[in-house]
Novice: 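Have a look at this one.
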Protein chains: 2
Amino acid sequence: MNHHPTTFCPAYRAIGVLQEKWVLHIVRALLSGNRGFNELARMVGGCNSATLTQRLEQLETLGIISKATDAEVTGKLARSIYSLTTAGRELQGVIDAIDAWGRAHLAEDPAGDLAAVDGCGGSEAAPVADSPDPGVTPLTRV
Amino acid sequence: MNHHPTTFCPAYRAIGVLQEKWVLHIVRALLSGNRGFNELARMVGGCNSATLTQRLEQLETLGIISKATDAEVTGKLARSIYSLTTAGRELQGVIDAIDAWGRAHLAEDPAGDLAAVDGCGGSEAAPVADSPDPGVTPLTRV
DNA sequence: CTCAAGGGGTTTAAAATGTCAAGTAGTGTG
DNA sequence: CACACTACTTGACATTTTAAACCCCTTGAG
């Protein structure tokens with residue numbers, strides 16, 4: 001990240017974080033509930049394990065997501081569960097804004113490549129500015 | 001772009017567009033006024049001509065920005081001027097959301113690399129925790 | 001005229017980054 | 001036992017981004 005000093009500001013940095021590949025996708029997937037590794041990989045669709053692992057680590061370091069290894073639920077299986085931190089959950093507003101913009105401006109206009117198929121089984125009817133209470137079950141902290 | 005079909009939606013596509021390197025920076029710079037090429041490069045800070053040219057072309061194709069060659073203003077100099085289209089201007093909401101989030105969560109916390117030095121060349125008067133004013137975020141004026 | 005400076009790019013190879021196919025290790029199922 | 005599932009790791013490979021140089025063109029100063 002080589003942001004030159006004279007133009008620095010929190011927003012600049014925020015963009016630097018959010019513009020990294022898959023980050024927004026991961027956050028979006030996590031906004032709809034906590035997920036395991038492979039589950040996340042499937043939802044994000046197109047990201048491989050290596051990249052996903054890397055992104056997940058970065059996001060954890062940044063305090064956007066947290067990883068919990070719930071070693072109790074299924075006995076001894078070490079299933080990792082990723083969830084958003086408070087900071088991460090507040091990205092809902094960003095996702096909503098992107099979502100709204102996307103629907104308004106490239107809903108059925110695949111100038112590039114791909115045709116829209118249907119609403120993505122997630123944040124439909126997401127009016128901007130809802131109270132950030134996804135009501136996710138808090139799980140074992142790591 | 002390899003978006004797998006089962007999860008596709010406008011938002012997914014929007015993320016795909018906005019997550020490309022420099023795109024958000026470019027939009028942010030352009031939200032504060034129309035810019036020439038080198039001017040834009042300086043504002044964005046860190047992007048080189050090659051990449052900038054490429055991004056600018058992509059964004060133009062996507063209908064987010066438009067390029068005008070005003071051959072009149074300075075006589076015969078072919079100065080290119082980039083500006084946002086309507087669709088592009090509506091990204092204001094996204095930028096605002098990112099901006100607000102950045103101020104709230106990584107204002108002075110460079111866990112990664114870089115120390116915050118000052119307000120970015122213009123967005124002072126940044127009242128922390130302000131309501132996401134949909135009007136105009138004060139950025140660098142022209 | 002010549003030189004430096006600014007605007008608007010393009011071209012190059014190299015570095016950074018992302019991706020893929022496998023493989024590892026533990027568990028649970030048929 | 002063989003195979004599918006979990007969560008990763010590894011090393012080769014592909015793509016993207018980068019700096020630096022170079023190109024053209026205009027203006028202003030000396």
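Proteins come first, then strands; the chains are lettered A, B, ... in the order of their sequence lines, and each starts at number 1.
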Novice: Any donor and acceptor pair, going by atom type alone, linking the side chain of B/Thr85 with main-chain N or O of B/Ile64 inside 3.5 Å?
Specialist: yes

Novice: Could you state the CD1-P distance from A/Ile26 to C/dG18, rounded to the nearest angstrom?
Specialist: 11 Å

Novice: Please determine, by modelled atom types, if B/Ser83 and B/Ser66 share a side-chain donor-acceptor pair under 3.5 angstrom.
Specialist: yes

Novice: Would you call A/Glu39 and A/Arg79 a salt bridge, using N to O less than 4.0 angstrom?
Specialist: yes

Novice: Among D/dC8, D/dT18, C/dG9, which nucleotide sits nearest the side chain of B/Tyr82?
Specialist: C/dG9

Novice: If the cut-off is 4.0 Å, is A/Thr51 near the phosphate of C/dT19, judged by side-chain N/O to OP1 or OP2?
Specialist: yes

Novice: Between B/Tyr82 and B/Leu40, is there a donor-acceptor pair closer than 3.5 Å when you use the side chain of the first and the backbone of the second?
Specialist: no

Novice: Check whether any side-chain nitrogen or oxygen of B/Gln54 sits under 4.0 Å from OP1 or OP2 of D/dT17, and answer yes or no.
Specialist: yes

Novice: Quick one: on DNA chain D, does B/Ser49 or A/Glu39 contact a more 5' nucleotide (nearest heavy atom)?
Specialist: A/Glu39

Novice: Considering just the side-chain nitrogens and oxygens of B/Arg42, establish if one lies under 4.0 Å of OP1 or OP2 belonging to C/dG6.
Specialist: no

Novice: To the nearest angstrom, how far is B/Gln19 atom CD from C/dT17 atom P?
Specialist: 15 Å

Novice: Taking CZ from A/Phe37 and C1' from C/dA25, how many angstroms apart are they, rounded to a whole number?
Specialist: 15 Å

Novice: Side chain to side chain contact (heavy atoms under 4.5 Å, CB included) for B/Ile26 and B/Leu52? Distances and angles first, verdict last.
Specialist: CA-CA 9 Å; B/Ile26 293 169; B/Leu52 189 54; 3.6 Å; yes

Novice: Would one find a side-chain N or O of A/Asn38 under 4.0 angstrom from OP1 or OP2 of D/dA7?
Specialist: yes

Novice: A/Ser80 near the nucleic acid: base, sugar-phosphate alone, or nothing, with a heavy-atom cut-off under 4.0 Å?
Specialist: sugar-phosphate

Novice: Side chain of A/Asn48 only, heavy atoms from C-beta on: which candidate in C/dT19, C/dG9, D/dT16 is closest?
Specialist: C/dT19

Novice: Can you figure out which of D/dA7, D/dC8, C/dG8 approaches the side chain of A/Arg79 most closely?
Specialist: D/dA7

Novice: Look at the side chain of A/Trp22 and decide which nucleotide, out of D/dT17, C/dG9, C/dT19, has an atom nearest to it.
Specialist: C/dT19

Novice: Determine: side-chain N/O of A/Arg55 to OP1/OP2 of C/dG18, distance under 4.0 Å, yes or no.
Specialist: yes

Novice: Compare side-chain N and O positions of A/Lys21 against OP1 and OP2 of C/dA16 and report whether any pair is under 4.0 Å apart.
Specialist: no

Novice: Find the distance A/Glu57:CD to D/dC8:C1' and express it as a whole number of Å.
Specialist: 10 Å

Novice: Find which nucleotide of DNA chain C each of B/Gly36 and B/Ala50 is nearest to by heavy atoms, and output the residue with the more 5' nucleotide.
Specialist: B/Gly36

Novice: How is A/Thr53 classified with respect to the nucleic acid when contacts are heavy atoms under 4.0 Å: base, sugar-phosphate, or nothing?
Specialist: base

